[in-house]
2 protein chains.
Amino acid sequence: MNQPVIQSLTRADEAFDCLQTAIVMGDLAPGEKIGEVELCARFNLTRGPLREALGRLESRGLLVRKPHAGVKVVSVSADELIELYRIREVMEGLAARQAAERMTDAEIADLKATLDSHEQMIEEAQGQAYYQAEGDYDFHHRIATGSRNAKLAQMLLGDLYYMVRMYRYRLSTSAGRPHMALGEHRRIVEAIAQRDGELAEFLMKRHINAARQNIEQKIKQGVLTI
Amino acid sequence: MNQPVIQSLTRADEAFDCLQTAIVMGDLAPGEKIGEVELCARFNLTRGPLREALGRLESRGLLVRKPHAGVKVVSVSADELIELYRIREVMEGLAARQAAERMTDAEIADLKATLDSHEQMIEEAQGQAYYQAEGDYDFHHRIATGSRNAKLAQMLLGDLYYMVRMYRYRLSTSAGRPHMALGEHRRIVEAIAQRDGELAEFLMKRHINAARQNIEQKIKQGVLTI
DNA sequence: AATCCCGTCATTGTTGACAATATGAAGTCA
DNA sequence: TGACTTCATATTGTCAACAATGACGGGATT
């Protein structure tokens, strides 16, 4: 009766999830030097599974580890954030193209419905950038999985998005392009619905390119200091 | 005096490298189910560092692990191999474009020299596909690092190339496009030397696209059975 | 005879203790 | 006074034993 619940996960997986979300949510600030014992106490873990999780996170580029010196959360510079968007541009362009070729009609209908709910959420929670960011994440998530390209989805969902989201949370309202992004999303879905892969790729690339330029501009204005 | 040598690496790193090369070289066949104690005996390791390395490899997609059931080398289907090339196409296209914008003149000169040595190696070791494959790998490696895009290079060198090389070794002479590839390489370098990023991207994409079509054709002919 | 259940076994997951190394402070010398 | 060396400490890396879980085989029952 001591809540065995859903013990399907191993401790290392648990540690991995905890650490990853802690990093993404900003509970562990970039550049922060963290000790293993401290983390163990914080997440009720022992060092074995923790170290395994740390290894995975390092392999994914969220942590940097120097032998015998400790581990610290990766701190991405403004330039590197821009580079991330350049990568997203080409990879998500491919994802959109393949999604247009391979998504089922049901998935596309679902995607449209999702956009409707996003629109409603934006109208209701005017200015609540958080929900919008989550909606944006949801949209891109669906495209990635819809590409039916396992490795592509893994790289986008497992690597890039976590790093981007990490900065989204920290900068809170990085985007600030409320309705504009939704319109772009709609056009992309339209292209996918028409099975026009080439157009979907083009629109997606332009969409991410615009987001990058937006961030670049704000950094230049000093609004976003990283 | 017991050869301390260069102990800068930790055991887990050592284990990671051993496992990774073993997988890439085909010493551990895809689908093969491997026990931890067996691996420990094979590579003179203890289970601690080994497990950490296994975690990293799983995170990179070279292994699949089922709790309490063991770990086995990932087996990629023919379709998935093709998908890998689709990803390479867009990512290396970006790498080529950024390399054209950012590589130093010295790096470009070095790259040209590398191609000369490749040409010589191909002529000398006629038909020795191994050396050619290594030369090809070297070329793409240099472009990736030359892009000055850390994350892009990490994803290419740390994720994709290992999976592609895994199949290169297994299929031994997968390529079979000896001089053609070298010519394409030369044209790409030429575009980079002229700082024409757009052209470099286009040529690189076409280059990888051709390689993909070549493999696709051979699979269809039944020459390559995966 | 086939299927289901149960117990043993091997393998994985976890834990705590031990060894090795880098960081930091104190002391000494130029 | 400043810089270098030395030592102590805390932290990380490693190891071997313990616990838990899934897999395999034998037996009984339908």
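Chain naming here is simple, since letters A, B, ... match the order of the sequence lines and numbering starts at 1 in each. All figures in this text were calculated on a predicted structure; none of them were measured in a lab.
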What is the separation between atom [atom1] on [X] and atom [atom2] on [N], rounded to the nearest whole Å?
X     : N      : atom1 : atom2 : result
A:L50 : D:dT14 : CG    : P     : 15 Å
B:K72 : C:dT11 : NZ    : P     : 18 Å
B:E52 : D:dC15 : CD    : P     : 12 Å
B:R47 : D:dA17 : CZ    : P     : 12 Å
A:E58 : D:dG13 : CD    : P     : 9 Å
B:L39 : C:dT11 : CG    : P     : 12 Å
B:L45 : D:dG13 : CG    : P     : 16 Å

Salt-bridged, B:R148 to B:E107, with N to O below 4.0 Å? yes
Ignoring backbone atoms, establish whether [X] has a side-chain N or O less than 4.0 Å from OP1 or OP2 of [N].
X     : N      : value
B:R51 : C:dT12 : no
A:R65 : D:dG13 : yes
A:R11 : C:dT15 : yes
B:T10 : D:dT14 : yes
A:K66 : C:dT23 : yes

Considering only side-chain heavy atoms of [X], which listed nucleotide, [options], is closest?
X     : options                : answer
B:E36 : C:dG13, C:dT14, D:dT12 : C:dG13
A:P49 : C:dA22, C:dT14, D:dT14 : C:dT14
B:H68 : C:dT12, D:dG13, C:dG16 : C:dT12

Check every strand shown and say whether B:G48 touches a base, only sugar-phosphate, or nothing at a heavy-atom separation below 4.0 Å. nothing
So, applying salt bridge (charged side-chain N to carboxylate O under 4.0 Å, His left out) with B:E216, which one of B:K218, B:K220, B:R212 is it? B:R212
In the structure I gave you, are the side-chain heavy atoms of B:L160 and B:M155 within less than 4.5 Å of one another anywhere? no
Heavy-atom distance under 4.5 Å between the side chains of A:M163 and A:V74, does that happen here? yes
Cation-pi check, A:R88 to A:Y85: give yes when NZ or CZ is under 6.0 Å from the six-membered ring centre and within 45° of the ring axis, no otherwise. yes
